[in-house]
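Okay, so here's the structure we're looking at.
Heavy atoms only: backbone and side chains are in, while hydrogens, waters and symmetry mates are out. Read the numbers this way: they start at 1 and go in the same order the structure lists the ligands and their atoms.
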Amino acid sequence: MNKMLTEQDFIFKNNSEDIPKKGSFTWKTPSNIALVKYWGKRDPQIPENPSISFTLDACFTMTTLEFSKRETRHFELDSKSNNENLKQVQFDIYFEGDKKDDFKPKIQKFLQRIKQYVPFISNYDLVIRSRNSFPHSSGIASSASGMSALALGIMSLEKELNPNMTDDYFNKKASFLARLGSGSASRSIEGELVVWGNHNDIQGSNDLYGIKFPLTIHNNFKNYHDTILLVDKGEKQVSSTIGHNLMHKHPFAEKRFEQAHQNLSQLSTILQNGNLKGFINIVESEALTLHAMMLTSNPYFILMKPNTLSIINKIWEFRTQTNSNVCFTLDAGANVHILFPEKEKQSVHQFIETELLQFCQNNHYICDRVGFGAKQIK
Ligand code: PMV
């Protein structure tokens, strides 16, 4: 079951002429929030340190992949032709009903990258229809849920060509492909906790794809809540691609990567023994370290906003006053994810409504919780 797969295992080998003519697959794929952060990578999308995330539930992307067979088999043309245009995978992309040519370059790059593992996509004209459950301009990254939904659609097509494929292989290859679109997307296939990146203490963990956290999760972390406070819905000034790259010559990089390994070791124990105070300590430190890496990059940058800091201070105050187990984490942006156990949901919701909403843009926030992974919609 937990056999580790290599890159070679992901190369599609069946070259049969007998391929389905047309059809479509729809997947609903969640976003995720990292507890130990991935920040820094090498080609091809190999993380410099392992990470772990809670899979979310309410924040998702729904993507339908329509495919229809082309008249000429394309990868035969590929080998004989030098024309780059002929080698491109043919597709159209619609987002929330509208044709989005400006989304094409990113997706074209992704499809070109994964074509060596799924060469059959060149035999089809593809139409991708996508929508998010969260507003597009909410500052919530849609690359994790978006890329994993597309990877799953392509895997459903591969399963038509290879019906004997196991679910385990299906999920691993979906995560492998999604990773090549966006690193964090590799953690959006399964739930409730997913590890991506090689770590000595976590059996089966590796740099190529995410795996379900393989140990028993304490009840304290079941149904954990994540309320996302939308502090700034604008486009980020610095993309995560640039941020990852700035880790290359970063003066603190090596220590940071080492620390992520240690934090994941400790968090792995905590997730099993239910130590909520230990959880808070690691998760908040990880969030601040991520932003500390941005502050100390060259060029340096700040993605937090004044309201991000106000929320953090309010959470610390509330914890001192009430001994609550609420804590925060941050993505590469100004929004704040408020994490808390199921049994504190009433008191924390009340705290959010009375104390924190004033710091959100237009009072907007999203109530989410830990989820169980992607679902195919039949
Ligand atoms: O998947 P990317 O390349 O957008 O990077 C995501 C990085 C963080 O969200 C900041 C951390 C993480 O592990 O998700």
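For K172 and E190, the salt-bridge test fails: no basic side-chain N is under 4.0 Å from an acidic carboxylate O.
Y94 does not carry K100 over the face of its six-membered ring by the limits of under 6.0 Å from the centre and within 45° of the normal.
In the hydrophobic cluster analysis, where Ile, Leu, Val, Met, Phe, Trp and Tyr join through side-chain heavy atoms closer than 4.5 angstrom, L35 is grouped apart from F257.
Shown here are the ring-ring contact (aromatic ring centres under 6.0 Å, His included) partners of F176, two or more places apart in sequence or in another chain: F10, Y117.
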Does ligand 1 have any N/O pairs with the protein under 3.5 Å, and how far apart?
unit_1, atom_1, unit_2, atom_2, d
ligand 1, 1 (O), S182, OG, 3.0
ligand 1, 1 (O), S184, N, 2.9
ligand 1, 1 (O), S184, OG, 2.6
ligand 1, 3 (O), H244, NE2, 3.1
ligand 1, 4 (O), S240, OG, 2.9
ligand 1, 5 (O), H244, NE2, 3.0
ligand 1, 9 (O), D331, OD1, 3.1
ligand 1, 13 (O), Y38, N, 2.9
ligand 1, 13 (O), R187, NH1, 3.0
ligand 1, 13 (O), R187, NH2, 3.2
ligand 1, 14 (O), R187, NH2, 2.7

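Aromatic rings from W196 and Y38 are positioned such that their centres are separated by under 6.0 Å. Between Y224 and F340, the ring centre distance reaches or exceeds 6.0 Å.
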